[in-house]
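Lettering of chains follows the sequences in order, A, B, ..., and the numbering in each one begins at 1. Predicted model only: the values in this text are computed from it and were never measured.
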There are 2 protein chains.
Amino acid sequence: MNKPENITIDTIAEKAGTSKMTVSRVINNHPYVKSETRSKILNLIKKFKYHPNLTAVNLSRQSPQTIALVIQYEHLFTTYYFIEILQGIEKIVDECSYNLVILNVTSQEEDAVERITSWYFGKFVKGFLVLAPPENSVLVKKMREADVPFVLIGASRGFKGSSFVDVENYTGAYKAAKYLIDLGHKHIGFIAGPPERGDAREREAGFRQALADKKIPISENLVVCGHYKEDLGYQAMLHLLIQPTRPTAVFAANDLMAKGALMAVKESNLQVPKDISLVGFDDIDIAAHLVPPLTTVKQPMFRLGTEAASFLIEQNPEENKPLHLVLPTELIIRESSVRIWHFQK
Amino acid sequence: MNKPENITIDTIAEKAGTSKMTVSRVINNHPYVKSETRSKILNLIKKFKYHPNLTAVNLSRQSPQTIALVIQYEHLFTTYYFIEILQGIEKIVDECSYNLVILNVTSQEEDAVERITSWYFGKFVKGFLVLAPPENSVLVKKMREADVPFVLIGASRGFKGSSFVDVENYTGAYKAAKYLIDLGHKHIGFIAGPPERGDAREREAGFRQALADKKIPISENLVVCGHYKEDLGYQAMLHLLIQPTRPTAVFAANDLMAKGALMAVKESNLQVPKDISLVGFDDIDIAAHLVPPLTTVKQPMFRLGTEAASFLIEQNPEENKPLHLVLPTELIIRESSVRIWHFQK
DNA sequence: ACCCTTTATGATACCGGTAACATATTACTA
DNA sequence: TAGTAATATGTTACCGGTATCATAAAGGGT
């Protein structure tokens, strides 16, 4: 009753015989505190298991120490490299003594935007990171209209003027295709991602340009859409394998589809890379553990996270120059791709 | 300068010519407000795009309107039915005008518990929902020691005295195995989950008991561990298929492994259910879309979420009677399982 | 017309911190 | 040894709401 079991900064100050300002200074590592005072207070904090009330801190500071990551979980299993992005974000958040919350939205949800933005207008979070939204994302459109700070991760198109971090999809795909061509492949299949996504279209464009530059004609029956999904990658490869001129190499627009494609090849009693070279995109963690390990285009996912988070945290709301950052991709050559054998046609 | 562009409740009150208490009453739908006053204030709120400062609200109310869901993302892809659980949670959270944040922990992280619990001690959240922790979870152990409120989802063992919601793993597995036996199967393979998980052990126990009750001997080479992972389910099935007495039915302890197993069967030029009946566990959304659709044991996932969230939100910290809730599972019969054909041995 | 209940609104204190300024104590410098 | 700078601590106001209690106005019964 008299001790309502609620330890506040005043409790500690009283026990220590100081003012609460001194306690506050100790908590925030302010230099001007005598070391004996400091240790006395630290002991009391430990003894009474005192935790500052973050709500009060935020209210007082007038600026939240939290950012939010917005994810559409329905997409999670096609964008599942997101774990590495998350780790990048968390690194920065940690270093800056910020907090991270994850907000989930579903496409059916009518008033998702209100829910999301109220976290900002309610001064709970400083801004948002939005994970790989599609270009036609109503959510992003409305967030923009509502004028809340956000950084898009892995989505540069369709939101001119907004901040984003993205990777070189076009160049990456170009490099991969060129690599296959340089290995001697002439019949190269492509398993595309969903056409409504810009990254998917860029990957396809890169692929096409590489072939065009080498004067290799593209037969449209070797280009199949797999929507970034493993199952459809499997289907797509089955389709490619029954084409009149079977491809000697296949480039899948993401690793997940490459995985499905690999299954299909095995099921058809063919071998990668002996019969078919296979290349993916993303370099998700399982890529290296497939049999055979997958040649793929690596996205710098961790850095995608760090860059986006840093910008959002350090951003000054006054000078709102948007961030436009496109990171390079890298071709990782593993065992799923080889030079074409000469006795093959 | 004079208008610092910061709309607070005082701004609205001033414009409306009332005290801020009246504004507060309007916001919180308090009955005793004259309807014209109410509408005048509502208009001003809209006009000035006023949003209450949630931080101030929380501080004032002295009890946060937020709960946190703790997820170990590394496990996400084996517990990926979690989306339905999440939807259940969100339903309740919405109804109660609460907020939900998701906290991610990784197993490497040293001081995850401090990070997590500080959300509680800092009065940011009312408590935690922990998604399917393993029994030996250090995190849960420490959360308990720290005495923060939490409800475990899908983990009843190993944390006596703590609140949990779980499903009848044993009974579900028993039902599935009995079903296969009743279809005439005598050689039944089992692909087990990770033995360090209680749910996995219970499923195995249910399976074994069903066979024992029907006096069917269990040959240990038909029991393989697949750790709930798709790839290992694939491997496990390949193993089962080369056993001297090939099983006529296989029960996988989760759908993901069943999916892998299905792949293996197809790759071996056998058919489900003609050559092998296949049954899974969980009823994740893809189960119904496999070819053939998978017979499986359905977990009431949505309800798992609603029950856990309701309890945490409505829970009175005083009378801390823990919640011990075990929900029934249901056998969903689809096309991956059939009566054994008599001309089979 | 009077009293009582219901409705409608306001005044004040407080939630638990931090910012900004003031003050007191030492330390150093000339 | 005074004078200034650096260190150490305290005072006060405030962040933006809500709870509680007080007060005022309107309605209703006798």
*Where the side chain of A:Thr8 is defined as all heavy atoms beyond and including C-beta, which of C:dC15, C:dG16, C:dT18 is the nearest nucleotide?*
C:dG16
_Over all strands shown, is A:Thr22 touching base, sugar-phosphate only, or nothing at heavy-atom distances under 4.0 angstrom?_
sugar-phosphate
*How about A:Glu14: does its CD atom have over 12 heavy atoms from other parts shown lying under 6.0 Å from it?*
no
_Spacing between A:Met21 atom CE and D:dC14 atom C1', to the nearest angstrom_ = 13 Å
*Given atom CG of B:Asp10 and atom P of D:dT18, what is their separation to the nearest angstrom?*
11 Å
*In Å, rounded to the nearest 0.5 Å, how long is the span from OG1 of A:Thr106 to CG of A:Leu139?*
10.5 Å
*Rounded to whole angstrom units, what separation is found between the CG atom of B:Asn53 and the C1' atom of C:dC15?*
13 Å
_Single hit among A:Val113, A:Asp111, A:Ile116 for side-chain contact (heavy atoms from CB on, under 4.5 Å) with A:Lys142_ = A:Val113
*Got more than 12 heavy atoms from elsewhere within 6.0 Å of CD, A:Glu95?*
yes
*Would you mind reading off the distance between B:Ile7 atom CD1 and D:dG16 atom C1', rounded to a whole angstrom?*
13 Å
*Under 4.0 angstrom between A:Thr18 side-chain N/O and D:dT9 OP1 or OP2*: no
*In residues 28-40 of chain A, which ones come under 4.0 Å of DNA chain C, going by heavy atoms?*
A:Asn28
*Nearest 0.5 Å please: distance from the OG atom of B:Ser137 over to the CD atom of B:Gln72.*
7.0 Å
_Pairs meeting criterion ring pair (Phe, Tyr, Trp, His ring centres under 6.0 Å) with involvement of residues 124-144 of chain B, two or more places apart_ = A:Phe124-B:Phe124, B:Trp119-B:Phe124
*CD1 of B:Ile9 versus C1' of D:dC15: gap in Å, rounded?*
13 Å
_Any A:Gln62 side-chain nitrogen or oxygen under 4.0 Å from OP1 or OP2 of D:dG16_ = yes
*Of B:Ser19 and B:Ala56, whose nearest nucleotide on DNA chain C comes first from the 5' end?*
B:Ser19
_Under-3.5 Å donor-acceptor pair between A:Lys20 side chain and C:dG17 base_ = yes
*Search all heavy atoms of A:Leu129 against all heavy atoms of A:Ile67 and return the closest pair with its distance.*
CD1-CD1, 4.0 Å
_Distance, rounded to the nearest Å, where A:Leu59 contributes CG and D:dG17 contributes C1'_ = 8 Å
*State which of D:dG10, C:dC15, C:dG17 makes the closest approach to the side chain of A:Arg25.*
D:dG10
*Taking atom types as modelled, is there a side-chain donor on A:Asn43 or A:Lys15 under 3.5 Å from an acceptor on the other?*
no
_For C:dG17, does the base pair up with any side-chain atom of A:Ser60 as donor and acceptor (N or O, under 3.5 Å, distance only)?_
yes
*Any idea which of D:dT18, C:dG10, C:dT18 is nearest the A:Arg61 side chain?*
C:dT18
*May I ask you to check whether B:Glu90 and A:Asn104 show a side-chain donor-acceptor distance below 3.5 Å?*
yes
_Can you tell me how far apart NE2 (A:His30) and CZ (A:Arg38) are? Round to the nearest 0.5 Å._
9.0 Å
*Starting at CG of A:Asn58 and ending at P of D:dG17, how long is that distance when rounded to a whole Å?*
14 Å
*Taking five pairs at each end, how big is the angle between the two axes of the helix from C:dA1-D:dT30 to C:dA30-D:dT1, to 10°?*
40°
*Taking atom P of D:dT18 as reference, at what distance in whole Å does atom CD of B:Gln65 sit?*
10 Å
